[in-house]
**Q** 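Supplied in structure tokens, the structure appears directly below.
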Amino acid sequence: MEATSPAADSRGNGAAAPRRPFRRYFRETGWRHIVGVVMLLFSAFPLVYVLSASVAPGGTLLSTNGLFSEVSFQNYIDLFSNPIRPYAAWYVNTLVIGLSAALGSVFLCALAAYSFSRMRFRGRRGGLLTLLLVQMFPQLLAVVAIFLLLSSIGDIFPALGLNSQLGLIMIYLGGALGANTFLMYGFFNTVPSEIDEAAKIDGAGHARIFFTIILRLVAPILAVIGLLAFIGITGDFLIASTVLIDPDKQTLAVGLYQYVSTDAKEWGVFAAGAVLAAIVPVVLFLSLQRFIVGGLTAGSGK
Amino acid sequence: MTAPILDKPPTSPAERAAQRRQKRAAAYAEAASLGWKVWVAKIVMLGIIDALAVYAILVLVGQGQWLVPLIIGVVAVVVNVIYLRPGMLPAKYLTPGLIFLFIFQIFVVLFSAYIAFTNYGTGHNSTKEDAVNALLLQSQTRVENSPIYPVSVLERAGDFFLLATDPKTNQVYVGGENRPLEKVAHPEMSGDTATGAPGYRTLSFGEIAQNQDAIGNLSVPLTKDPNDGYLKTTDGSNAYVFLSTLKWDPKADTMTDTKTGTVYYDNGHGSFQAKDGQKLEVGWSVWVGFENFVRAFSDQSIRGPFFAVLVWTFAFAILSVGTTFILGLFLAIVFNDPRMKSKKYYRVVMILPYAFPAFLSALVWAGLFNTDFGFINQVLLGGASIPWLTDPWLAKFAILFTNLWLGFPYMFLVCTGALQSLPEDVVEAGRMDGASVWQIFRHLKFPLLLVAVAPLLISSFAFNFNNFNLIYMMTNGGPQFADASINAGATDLLISMVYKVAFVGANRDYGLASAFSIIIFLLVAGISWLGFRQTKVLEELN
């Protein structure tokens, strides 16, 4: 998908025209840089602002308006020393819930996509259509029913009821198939079935073909879906805030909201929390960027 | 393999039978080739699932339920059959995901539909029996000159019980919340007072002090008839008889206030109501038919805000897809030029908004747009006080602007990918025919690109239709509608309105919220269905 590696660029430039008159350069390429710089400012500004607010002493909205005029790490210290708002616990919870639900989603999706892509069975087309329809009803809409369902599950298995992280993970797994099977199914179809036919002739069973051959070949889409699921889950406020009640069980989305929903006084601490909270998703995103672009466009091409 | 891709369907019955035999033989061979480790793992997993299922069934049957345990039992049996029998390969791969899908997606949708037809919510969140008990408990007063029962506080499995000695008969009883007093056969005695009972643990004085509130709230019914009264203790050593000022008559289905003589009747809407229209506080949930839907479309103080929110939801979804797509496409074209250097660096920075968690971005932008202290008013506009988030129209603009920031990188990535995968020869042919750059784009590239990204635009529409985080984090749906009887505001989307009606504020209306959910579902599903039909995605399923 990415035909624009730096090497290709420099070759292209060298071949085209090493020295163009400025006017021509500007008409063909230069103006693009102006657009680029404007977009850089637009894209990066809020993020620079958060970073600056997180190290501003004082920590109200007004005191954070001078960008990097003073630097202090008091906000970060305050962030970790508030027993009513246990930031460290939120961070761990978010990672644990996000990672386990994302891994679980990828696994469930891969199983389903494998069977839809490689097997022909009655109800297959109907199943795919049903998934498409189910996808239209996001779990967000059923939050009342989820709340009531969990409160009654809690009567039988308290470990899975309201205020349970395991219960929350199960809810996210429930949304796994509807959201992502299609993207994965499309990718599975691009893996030639001759490969599994050959393995079959060599005596490999279906489980071995799935785990050792197919899963490796579709690794890029697994990474994309895993990442999208992780980002979606860690960013969920609606369901997490409905299910998780105790402060030390909550996630970053639910917890950090409290810093700015009640009063704007703790803006600096919020900014510090936001900077730390964004590190994991941003790093994951940038390092898997290549796969994401490929995965998104593969999905779009289908 | 059990499910080979059939080249042609079998014609004669004999052929079909042969094929079935072949299939079965292949399945057995496959099963035999599985290692013993797989079998052990399988058995352990199934064992855990079965144990949980049996436990759940026992508990539910103990509570007097039949339908849910029956379903759990059937599902458990089906799961065992699928994984223990050879064959049924697609089912082996689909079952884990489907179980979660059925419980937490399909079931909750159906459950939402059911709730939409009830008056479930604050004051109506239980059965009639529970409501009667709650009413009787609420209105208790101590009976004058009633005997004092010496009691001990007992504990079993986390619940508290009272061990009471009848002062007249010296008979010993034990009972708890919703468990009327029953005789104890062999109590431990200390003088005339019982101190312990077999199967229970007696609480020490310190433990009683620790659990003061829970013990103080404990009301133990004297008999099965709630009208006979309750035992309550304040200090954990003496209990008094309390009687409700309400009298429950199960036959006539009425509640009578014994002080005023007012009679309350079941009004058919989940409450006891007197002739003068006065209702008792606690009600129960009942089936109300289409009442919630009718309210959504006819009650002026709900209909007004509901339609305003509906229109804004569509406007927001369409505009957010439109603005992000136009900017994304524009940037994709700008940066898709092979002569341009350092595109890579621009791109990394430009996808940062997509990588930064959206709920945080919304909160940050809310801070930037703050009227009195925000960066935009204070620094960029030199101390202006523009009410970005408190004026209905400006708030809508601020939200669309923020969403543009959030959403353009995605469209940029998608459009870049789609542009690069356009067939070169078509463009080349256009150039040969002497078409201008604009003509090539307008008549060749753009239609091809649109075909590729249309499904993503539809999903993006559906996503933004329910973009809860952005709205809730940025404006909380505000500014609030002045004349609305529900919790809704000018920037609320349907989804944030559902959340606020159901969970925010003192008056929770689960029934109405679910009715809104069902309406949204029908809208989104209908639109998406049309959209997908247009883009022919459905025909490509094979």
Side-chain angles (χ1 to χ4, degrees), chain A residues 1 3-4 12-13 16 28-29 32 35-36 39-40 43-44 46-47 49-50 61-62 65 108 111-112 114-115 119-121 125 128 134 136-142 144-146 149 156 171 173-175 177-178 200 205-206 235 237-238 253 260 267 274 278 281-282 285 293 296-297 300-301, chain B residues 1 3 5 30 33 56 59 89-90 93-94 96-97 100-101 103-105 108-109 111-112 115 334 338-340 346 349-350 352-353 355-360 363-364 367 370 373 375 378-379 413-414 417-418 420 452-453 456 466 468-469 495 499 502 510 513-514 517 520-521 524-525 528 541:
Chain A
M1 289 303 148
T4 55
N13 273 322
E28 284 174 352
T29 325
R32 294 172 202 267
V35 174
M39 289 315 293
L40 287 193
S43 312
L47 306 177
Y49 170 75
V50 184
L61 265 171
L62 200 55
N65 281 343
L108 293 182
L111 288 174
Y114 178 59
S115 67
M119 300 165 193
R120 293 294 177 269
F121 51 92
R125 195 182 140 85
L128 279 168
V134 165
M136 301 302 148
F137 195 99
Q139 282 180 312
L140 297 184
L141 278 179
V144 173
I146 287 176
L149 173 68
I156 314 165
I171 296 172
L173 290 183
L177 279 200
K200 223 179 291 169
H206 63 89
F237 174 86
L238 187 66
V260 277
W267 183 251
V282 170
F285 211 96
V293 177
L296 288 177
T297 39
S300 80
Chain B
M1 292 291 279
I5 297 159
E30 170 111 13
S33 73
V59 172
L89 210 47
Y93 281 88
L94 282 171
F100 283 105
L101 182 81
I103 299 174
F104 291 106
Q105 187 122 33
V108 293
V109 171
F111 194 31
S112 293
I115 298 167
V334 169
R339 287 166 299 192
M340 191 183 172
Y346 288 119
V349 179
M350 281 201 297
L352 279 179
F356 197 73
F359 73 96
L360 290 175
L363 291 170
V364 170
N370 185 294
F373 312 109
F375 192 90
Q378 286 298 315
V379 181
L413 291 178
V414 165
Q420 287 173 356
V453 299
L456 293 180
N466 292 309
F468 172 84
N469 273 0
I495 182 73
Y499 180 79
Y510 298 145
S514 297
S517 289
I520 302 172
F521 169 56
V524 178
S528 309
L541 289 181

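So that the names make sense, note that chain A is the first sequence line, chain B the second, and so on, each numbered from 1.
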**Q** Go through A:Tyr114 and B:Leu94 one step at a time and tell me if the side chain to side chain contact (heavy atoms under 4.5 Å, CB included) criterion holds.
**A** CA-CA 9 Å; A:Tyr114 178 59; B:Leu94 282 171; over 6 Å; no

**Q** Assert yes or no for the condition that the ring centre distance of A:Phe237 to B:Phe359 is strictly below 6.0 Å.
**A** no

**Q** Grab the two heavy atoms, one from A:Pro281 and one from B:Pro357, that are nearest each other, plus how far apart they are.
**A**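 In terms of heavy atoms, the two residues are closest at CG-CG, 3.7 Å.
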
**Q** Is chain B contacted by the side chain of A:Val144, its backbone, both, or neither, given a heavy-atom distance below 4.5 Å?
**A** both

**Q** Less than 4.5 Å apart, side chain to side chain, heavy atoms only: is that true for B:Phe100 and A:Leu108?
**A**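 Answer yes - side chains close enough.
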
**Q** Treating B:Ser517 as the side-chain partner and A:Leu141 as the backbone partner, does any N or O pair qualify as donor plus acceptor under 3.5 Å?
**A** yes

**Q** Any non-hydrogen side-chain atom of B:Val364 less than 4.5 Å from a side-chain atom of A:Tyr49?
**A** yes

**Q** So, does B:Asn469 use its side chain to make a donor-acceptor pair with the main chain of A:Gly235 at under 3.5 Å?
**A** yes

**Q** Side chain, backbone, both or neither: which part of B:Val59 has a non-hydrogen atom closer than 4.5 Å to chain A?
**A** side chain

**Q** Got a second to check how far A:Met119's CE is from B:Tyr93's OH, nearest 0.5 Å?
**A** 5.5 Å

**Q** Chain A heavy atoms under 4.5 Å from B:Ala513: which part of the residue, side chain, backbone, both or neither?
**A** side chain

**Q** Does any part of the side chain of A:Leu238, heavy atoms only, come nearer than 4.5 Å to the side chain of B:Tyr499, both counted from C-beta?
**A**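 Contact flag for B:Tyr499/A:Leu238 side chains = yes.
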
**Q** Spell out, as yes or no, whether a donor-acceptor pair under 3.5 Å connects the side chain of A:Gln139 to the backbone of B:Gln105.
**A** no

**Q** Considering non-hydrogen atoms only, spot the tightest contact between A:Leu111 and B:Pro96 and give its length.
**A** CD1-CG, 4.0 Å

**Q** Give the member of B:Ile495, B:Val334, B:Ile520 that has the highest number of heavy-atom pairs under 4.5 Å with chain A.
**A**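 When all of B:Ile495, B:Val334, B:Ile520 are compared, B:Val334 has the most.
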
**Q** What are the two closest heavy atoms between A:Trp267 and B:Gly367, and how far apart are they?
**A**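 Result for this residue pair: CH2-CA, 3.6 Å.
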
**Q** Pick one of side chain, backbone, both or neither for B:Ile103, based on which atoms fall under 4.5 Å of a heavy atom in chain A.
**A**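 Contact with chain A involves both backbone and side-chain atoms of B:Ile103.
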
**Q** Please assess A:Leu40 against B:Tyr346 for the test side chain to side chain contact (heavy atoms under 4.5 Å, CB included), listing each intermediate value before the final yes or no.
**A** CA-CA 7 Å; A:Leu40 287 193; B:Tyr346 288 119; 3.7 Å; yes

**Q** Can you name the side-chain contact (heavy atoms from CB on, under 4.5 Å) partners of A:Leu47, sequence neighbours left out?
**A** B:Leu352, B:Phe356, B:Trp405

